[in-house]
Undergrad: 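Attaching a single structure in structure tokens format; questions to follow.
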Amino acid sequence: MSGTLQVVVRNNTNTSALYAHITGTSDAGLFILSSDGQTAYHPASPTQTLSPLGADCAINVGGTGQTRTLTIPYVSGGRIWFSKDKPLTFFVNPGPALVEPSALNMSDANYNLDWGFAEFTFNRSELYVNVSFVDFVSLPVSLRLENASGKVTSVAGMPSDGLDRVCAGLTAQGQLDGAGWDKLVVRSAAGQLLRALSPNSGAVMVPGLLQGYYAQYVDAVWAKYAAEDLTVNTQFKWGDAKGRVNAAGLLDFGGDAGQFGKPSAVDIFSCNSGPFAHFSGVTDEALNIGARLAAALNRSTLLINSNQPEGEDVAKYYQDPITNHYARICHATSIEGRGYAFPYDDVGASKGVDQSGFLNDPNPKTLTIGIGAPLE
């Protein structure tokens, strides 16, 4: 690979001004692309928190139908941010550490803007990029990747009215079960739909939201696997692990494979607390199994499939009344059903249909990103 990547951003929104920002970590540390779309900016460590960025890093893509070609070096943990009408505001803390826009802080300078992002890592091995709904749904993002051989792959993402559809689905589910899914819908001060929060984000904005939601389902799962084995294929060197609920009430896979207590709704939605926490001493094998359990719980498939995840069928995801309805609605709305809707949405059968909305290639040439509507 050449060590640089061409990123083409297209404004498919109805706004006269779309702005882009690219952030991450490069070999030189904290990386932000300058407003010229070509020059790397590496902020110095400030002496105070929430210090101004110190450079213009807002890239004006232009009006409806306009495109802008950017060039980036190797960047890990990257995000390509987009905002309508006005650029986003970033700050720097000592470190230096970037203070990113927040959809969960009403006093954040960006809270009332219409913005979103895609996630990527570009290194010497490959480019990996995905459409993320893990935090919230807002501006539709679509991806098209051409490699050095001319092969093209794509993820269409949400349709142009995706946010409207997701919010309508959450409102309908909230009316149906009274669990509070409708509280994930966020409107601007003027009453316009702004974003749809994931359950993780919603719990920050509305403390106690969906608390206890999964209790009945988890009880049924634990009862099932007190009487029979649950097989989890690690899809790695450990092969199959067989677990059963023991006398202590723990789903026990034995040895380094770990024991898992009953997770709460917060544990399931976040995939990284309670029995799924990455605490000191937890083995890689246990983390692997935990990821597969968390994915199955979000999709509510453990009562119908004891062979995880190789026995999974995408058509049977989210069919139980108790499930991650945010993820269900996101997948039902997105074109081809693809887009990261919870942290382990990339878990699935080896030969199954991708749900996570990612693209990767060892020899990327051009990444094109459409904002506001899918690329044609």
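One is the number of the first residue; the rest follow in order along the sequence.
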Undergrad: Which pairs, with at least one residue in residues 343-376 and sequence neighbours excluded, count as a ring pair (Phe, Tyr, Trp, His ring centres under 6.0 Å)?
TA: Y128-F358

Undergrad: Using the side chain to side chain donor-acceptor pair (under 3.5 Å) criterion, which residues pair with S51? Sequence neighbours excluded.
TA: none

Undergrad: Establish, from distance only, whether the side-chain atoms of S300 and T323 form a donor-acceptor pair under 3.5 Å.
TA: yes

Undergrad: Strictly by ring pair (Phe, Tyr, Trp, His ring centres under 6.0 Å), give each pair with a member in residues 210-241 just once, sequence neighbours left out.
TA: W181-Y213, Y214-F269, F236-W238

Undergrad: When the ring centroid of Y340 is compared with that of F133, is the distance short of 6.0 Å?
TA: no

Undergrad: Assess whether side chain to side chain contact (heavy atoms under 4.5 Å, CB included) is satisfied between I80 and F82, documenting all intermediate values.
TA: CA-CA 7 Å; I80 307 173; F82 311 99; 3.3 Å; yes

Undergrad: Are L251 and V221 close enough that some pair of their side-chain heavy atoms sits under 4.5 Å apart?
TA: no

Undergrad: Not counting sequence neighbours, list each pair that qualifies as a ring pair (Phe, Tyr, Trp, His ring centres under 6.0 Å) and has a residue in residues 140-163.
TA: none

Undergrad: Test of understanding: with side-chain contact (heavy atoms from CB on, under 4.5 Å), list the residues that count as partners of L163, not counting sequence neighbours.
TA: V137, C167, L193, A196

Undergrad: Among Ile, Leu, Val, Met, Phe, Trp and Tyr joined by side-chain contacts under 4.5 Å, find the other residues sharing a cluster with V282 and list them by chain and number.
TA: F279, L287

Undergrad: For D320, which residues count as a salt bridge (charged side-chain N to carboxylate O under 4.0 Å, His left out) partner, sequence neighbours excluded?
TA: none

Undergrad: Quick one: do D345 and R299 make a salt bridge, cutoff under 4.0 Å?
TA: yes

Undergrad: Using a strict threshold of under 4.0 Å (side-chain N to carboxylate O), is an ion pair present between K316 and E312?
TA: no

Undergrad: Going by salt bridge (charged side-chain N to carboxylate O under 4.0 Å, His left out), name the pairs with one or both residues in residues 25-42, residues two or more places apart or in two chains.
TA: D27-R124

Undergrad: Will you find, in the side chains of T231 and D240, an N or O donor that is under 3.5 Å from an N or O acceptor?
TA: no

Undergrad: Identify, with sequence neighbours excluded, every residue that meets side chain to side chain donor-acceptor pair (under 3.5 Å) alongside T47.
TA: none

Undergrad: Establish, for the pair R68 and Y19, whether the NZ or CZ atom is under 6.0 angstrom from the six-membered ring centre and no further than 45 degrees off its axis.
TA: no

Undergrad: Who else is in F91's hydrophobic cluster (ILVMFWY, side-chain heavy atoms under 4.5 Å, direct or via others)?
TA: L50, V99

Undergrad: If we only count heavy atoms from C-beta on, is the N305 to D313 side-chain gap below 4.5 Å?
TA: no

Undergrad: What pairs meet the salt bridge (charged side-chain N to carboxylate O under 4.0 Å, His left out) rule with one or both residues in residues 242-271, with sequence neighbours excluded?
TA: D219-K262, D229-R244

Undergrad: Taking only residues at least two apart or on different chains, which pairs with a member in residues 89-106 satisfy salt bridge (charged side-chain N to carboxylate O under 4.0 Å, His left out)?
TA: R79-E100

Undergrad: Just say parallel, tilted or perpendicular for the rings of W81 and W115, cut-offs at 30° and 60°.
TA: tilted

